[in-house]
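First comes the structure, then the notes that go with it.
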Amino acid sequence: MANATSPQLQLEFPDSTVREFEPGTSGADIAAGISRSLAKKSVAYVLNGDLKDLSEPILNSGTIEIVTREDERALELIRHDCAHVLAEAVQALWPDTKVTIGPVIENGFYYDFDRDQPFTPEDLATIEKKMAQIIQQNEPFAKEVWSREKAKEYFAAQGESYKVELVDMIPEGEDVKVYRQGEWLDLCRGPHMPSTGLVGRAFKLMNVAGAYWRGDSDNQMLSRIYGTAWADEKQLKNYLHMLEEAQKRDHRKLGREMDLFHFQEEGPGVVFWHAKGWKVFQNLVNYMRRRIDEHGYDEVNAPQILDKALWQMSGHWDWYRENMFTTVTEDDREFAIKPMNCPGHVQIFKNGLRSYRELPVKMAEFGNVHRYEPSGALHGLMRVRGFTQDDAHVFCTPEQLEAECLRINDLILTTYSDFDFGDIVVKLSTRPEKRVGSDEGWDRAESIMQSVLNKIEADSDGRIKTELNPGEGAFYGPKFEYVLRDAIGRDWQCGTTQVDFALPERFGAFYIDQNSDKQEPVMVHRAICGSMERFIGILIEHFAGHLPLWLSPVQAVVATITSEADPFGEKVAEALRDAGLNVETDFRNEKINYKVREHSLAKVPAIIAVGAREAEEGTVSIRRLGSKHQTSMSLEEAVASLVEEAVPPDVRRKRDAKKAAES
RNA sequence: GCUGUUGUAGCUCAGGGGUAGAGCACCUCAUUGGUAAUGAGGAGGUCGGGAGUUCAAAUCUCCCCAACAGCACCA
């Protein structure tokens, strides 16, 4: 068709100029046509939003942009190329290693290998050296399109059974592509940069780990090597520095330094809360109590241990047995320690007769639950075997469901904002394969929740991102998951709203409607912090230990400079305590430098130093955590400002609203 | 649970087949000092637990436990 009348490509450049090209022109040709320096610097191009190999011929019109190595979009190419170089290096060093996949991930990449002898951390340096050699050789990445048969034959002959499996997974109609780099090649959909040399030197292999083939624990465990790669060494250095900083705010480390809690061998996954940590815990519980009170919940408390029969009825005995702590008494009666609060709450709902007039019934509990989590899952406060859920169950009519979901969303989002969390993702998880209830029921619930999800996003001013998690719902109903991101960039699911079809029916819970008929209520499970333990862990990391004054276990330390000032120091402490603040005194025979250092390390928000001068003038010198400066003010001023700052955000919000209404 | 690594004083860590060492913290004494470590002295562990090899084990081997990094699972 390429003749004199064949249509030219219309390509629009970033500066909005449109130019015509012969179909089949490559990105490299275009870059070369613009300037020699661009041709040299370019590593790929973007056509209509898709990243392409520089050598890829252009067949369609559209917007085009040449991507240089410095471009942010080149970063994923650098990382992906680096993964290929890693794989080549590994096979050069250990030829009997089989390759699998090596994708780009946040901040880097990994590659999974199958090898009898897993890699050791010492191997990483060897591999890095080999990688540097490969990069030095600067072989071009050459794309080839193979037939399915050829690819399978080739990889089978190489003994690369995983690659054969991967070829089979490529959808019909899609090209089977391999990228060659010198002698070595890999099945890959691309794109890549023009040559291995462009990977550069700003890469580092981070660690080795086991990982299951295709993410399934029934499959073979592979040996995974994680790496990071950046455009230049400065970026790499920054990233490594960021990791170090993140480690400093690890809640396990801060928990010890701040004397909040500890773990020990005899109690894997259960927390020993120290006095200060428990104070934080109580401050958090008190906050949540005020919030749920404001939202019309009733707090209840259901038993820790219940007969197996109840858990059989709830379905937990079938679905959740391996995660439950159980105990058999002398008289051979079997009990389970509750892993969830819902069955208990249903019992409370069922006790007595419920009228439609009572609905929605909102039952809350700071429920202490125990779950036998896999040992490898345990992680500080973030993942424990005994924890406290800020749990609640809303029993309502189907008509009330949407409004209740929105009400819960409001409670969750205001709570997160009170704790200064901005990065929130709400995910809607829909019906899983293994499930109870009719498809019509799921249709109805999912459509209600989808509309709630849309409202959540629309009302958030872009603060909330929403996602769909198909097939990830609970077996008894769809759910929303509220996910926060921690200091190290890990995501933690905290809040959740789950619609339950199964439990009311299983327990035969009902209410009496307008016509004196029995009706099954809809049950909504919801948690906001999720686990108080985890939430505190996230708070510690989020604030790097600098908890807001209202949450802080010790809000101020009064430290005297000389013992002469002790009586005045006592007076200051008393005044602060009388005003409701949590205050400690430090009258030890130590220098003020020593005291300041110690309390700063313990993350005390305010150090109030008093010496002879303050005692005489009736003033105090306040040094706030994180600041190197101190301000001097009268004792009265100090008390008033600290008291004001220590007002919890919800109390402040209510107070301000009241004030605004009055004026 | 799976793969790998680690486990020595409260903390951070050194050592390593012949019965343990540092710094900080702790205790005592001296020092009363202006905002991130005053000085001196003292006490403290049998080296995660168990078994084995050995004349001798904290050190080597095996089993178990726990922690850490991932994976899988999950609030």
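Every chain is numbered from 1 and lettered A, B, ... according to where its sequence line falls, protein lines coming before strand lines.
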Worksheet item: What distance, rounded to whole Å, do you find between the two P atoms, one in B:G48 and one in B:U12?
Response: 15 Å

Worksheet item: Mind checking whether A:Phe261 and A:Phe281 have ring centres under 6.0 Å apart?
Response: no

Worksheet item: Has the side chain of A:Arg534 got a donor or acceptor atom that lies under 3.5 Å from a matching backbone atom of A:Met382?
Response: yes

Worksheet entry | C1'-based separation of B:G18 from B:U54 [nearest Å] | 12 Å

Item to complete: Look at all strands and tell whether A:Pro374 reaches a base, only sugar-phosphate, or nothing, counting heavy atoms closer than 4.0 Å.
Response: base

Practice prompt. Check whether any side-chain nitrogen or oxygen of A:Arg252 sits under 4.0 Å from OP1 or OP2 of B:A69, and answer yes or no.
Written response: yes

Fill in: d(CG, A:Leu381; P, B:A67) in whole Å
13 Å

Worksheet item: Would one find a side-chain N or O of A:Tyr212 under 4.0 angstrom from OP1 or OP2 of B:G70?
Response: no

Worksheet entry | Electrostatic pair A:Arg214-A:Asp216, nearest N-O below 4.0 angstrom | no

Worksheet item: If you look at every strand shown and take non-hydrogen atoms under 4.0 Å, does A:Ser217 touch a base, only sugar-phosphate, or nothing?
Response: sugar-phosphate

Worksheet item: Rounded to whole angstrom units, what separation is found between the CG atom of A:Asp218 and the P atom of B:C73?
Response: 10 Å

Worksheet, complete the sentence: Protein heavy-atom contacts under 4.0 Å, written 5' to 3' over nucleotides 61-66 of chain B as B (base), S (sugar-phosphate only) or - (none), form the string ----BS

Practice prompt. Scan A:Ala612 against the nucleic acid and name what it touches under 4.0 Å (heavy atoms): base, sugar-phosphate only, or nothing.
Written response: base

Item to complete: Determine, using ring centers only, whether A:Phe113 and A:Tyr111 are less than 6.0 Å apart.
Response: yes

Discussion item. Using whole Å, what does the distance between atom C1' of nucleotide B:A72 and atom CD of A:Glu322 come to?
Written reply: 13 Å

Practice prompt. For A:Gly215, report the nucleic acid contact type (base, sugar-phosphate, nothing); a contact means any heavy atom under 4.0 Å.
Written response: sugar-phosphate

Worksheet item: What's the CG-P distance between A:Asp112 and B:G4, to the nearest Å?
Response: 15 Å

Worksheet item: Closer than 4.0 Å, any side-chain N/O of A:Tyr594 to the OP1 or OP2 of B:A25?
Response: yes

Worksheet item: A:Asn207 has an atom CG; how far is it from atom P of B:C68, in whole Å?
Response: 15 Å

Item to complete: Mark yes or no for a side-chain to base donor-acceptor pair under 3.5 Å between A:Ser563 and B:U32, with no hydrogen or angle criteria applied.
Response: yes

Worksheet item: Between B:G4, B:G34, B:A75, which nucleotide gets closest to the side-chain atoms of A:Phe387?
Response: B:A75

Practice prompt. With a 3.5 angstrom cut-off on both distances, give the Watson-Crick or G-U wobble partner of B:A69, or none if there isn't one.
Written response: B:U3

Item to complete: For B:U12, take OP1 and OP2 only and decide whether either is under 4.0 Å from a side-chain N or O of A:Arg256.
Response: yes

Discussion item. Heavy atoms only, 4.0 Å cut-off, all strands: where does A:Glu373 land among base, sugar-phosphate and nothing?
Written reply: base

Discussion item. Nearest whole Å is fine: how far is B:C2 P from A:Met221 CE?
Written reply: 9 Å

Practice prompt. Report the base-pairing partner of B:C74 (Watson-Crick or G-U wobble, both distances below 3.5 angstrom), or none.
Written response: none

Practice prompt. Write down the distance separating the P atoms in B:U38 and B:C24, rounded off to the nearest Å.
Written response: 11 Å

Worksheet item: Is the shortest distance from a Lys or Arg side-chain nitrogen in A:Glu257 or A:Lys603 to a carboxylate oxygen in the other one below 4.0 Å?
Response: no

Fill in: Proximity to the side chain of A:Ser621 - top-ranked nucleotide from B:C73, B:G34, B:G70
B:G34

Practice prompt. Could you check whether A:Thr560 gets within reach of a base, just the sugar-phosphate, or nothing at all, counting any heavy atom under 4.0 Å?
Written response: nothing

Worksheet item: Between A:Glu76 and A:Arg79, is there a side-chain N and carboxylate O pair less than 4.0 Å apart?
Response: no

Discussion item. Considering every strand and a 4.0 Å limit on heavy-atom distances, what is the contact class for A:Ala527: base, sugar-phosphate, or nothing?
Written reply: nothing

Response to the item:
The nucleotide from B:C71, B:A75, B:A69 with an atom nearest the side chain of A:Arg224 is B:C71

Worksheet item: Between B:G70, B:C26, B:A37, which one does the side chain of A:Asn593 approach most closely?
Response: B:A37

Discussion item. Suppose you measure atom P in B:G41 against the same atom in B:C47; what distance do you get, rounded to whole Å?
Written reply: 30 Å

Item to complete: Pick base, sugar-phosphate or nothing for A:Glu590, based on heavy-atom distances below 4.0 Å to the nucleic acid.
Response: base

Discussion item. Please determine whether a side-chain nitrogen or oxygen atom of A:His379 lies at a distance below 4.0 Å from atom OP1 or OP2 of B:A67.
Written reply: no

Practice prompt. Please state the P separation for the pair B:U3 and B:A72 - nearest whole angstrom.
Written response: 15 Å

Worksheet item: Would you call A:Lys465 and A:Glu467 a salt bridge, taking side-chain N to carboxylate O under 4.0 Å as the test?
Response: no

Discussion item. From CZ of A:Arg597 over to P of B:C24, roughly how many Å is that when rounded to an integer?
Written reply: 11 Å

Response to the item:
The residue, A:Cys494 or A:Tyr226, whose nearest nucleotide of RNA chain B is more 5′ is A:Tyr226

Discussion item. Please report whether the ring centroid of A:Trp311 lies less than 6.0 Å from that of A:Tyr320.
Written reply: no

Worksheet entry | Integer angstrom distance from the C1' of B:G49 to that of B:G15 | 22 Å

Item to complete: Could you tell me whether A:Glu564 atom CD has more than 12 heavy atoms of other residues or ligands within 6.0 Å of it?
Response: no

Worksheet item: With rounding to whole Å, what would you report as the distance between B:A58 and B:G42 at their P atoms?
Response: 28 Å

Worksheet item: How close or far is atom C1' of B:A75 from atom OH of A:Tyr416, stated in whole angstroms?
Response: 10 Å

Discussion item. Which is more 5' along RNA chain B, the nucleotide nearest A:Val384 or the one nearest A:Ser627? Just name the residue.
Written reply: A:Ser627

Practice prompt. Between B:A56 and B:A43, how far apart are the C1' atoms? Round to whole Å, please.
Written response: 30 Å

Worksheet item: OP1 or OP2 of B:A36 less than 4.0 angstrom from a side-chain nitrogen or oxygen of A:Arg623, does that happen here?
Response: yes

Discussion item. Using a 4.0 Å heavy-atom cut-off, does A:Gln493 contact any base of the nucleic acid, only the sugar-phosphate backbone, or nothing at all?
Written reply: sugar-phosphate

Item to complete: Name the nucleic acid region contacted by A:Glu614, choosing base, sugar-phosphate or nothing; use a 4.0 angstrom heavy-atom cut-off, strictly under.
Response: base

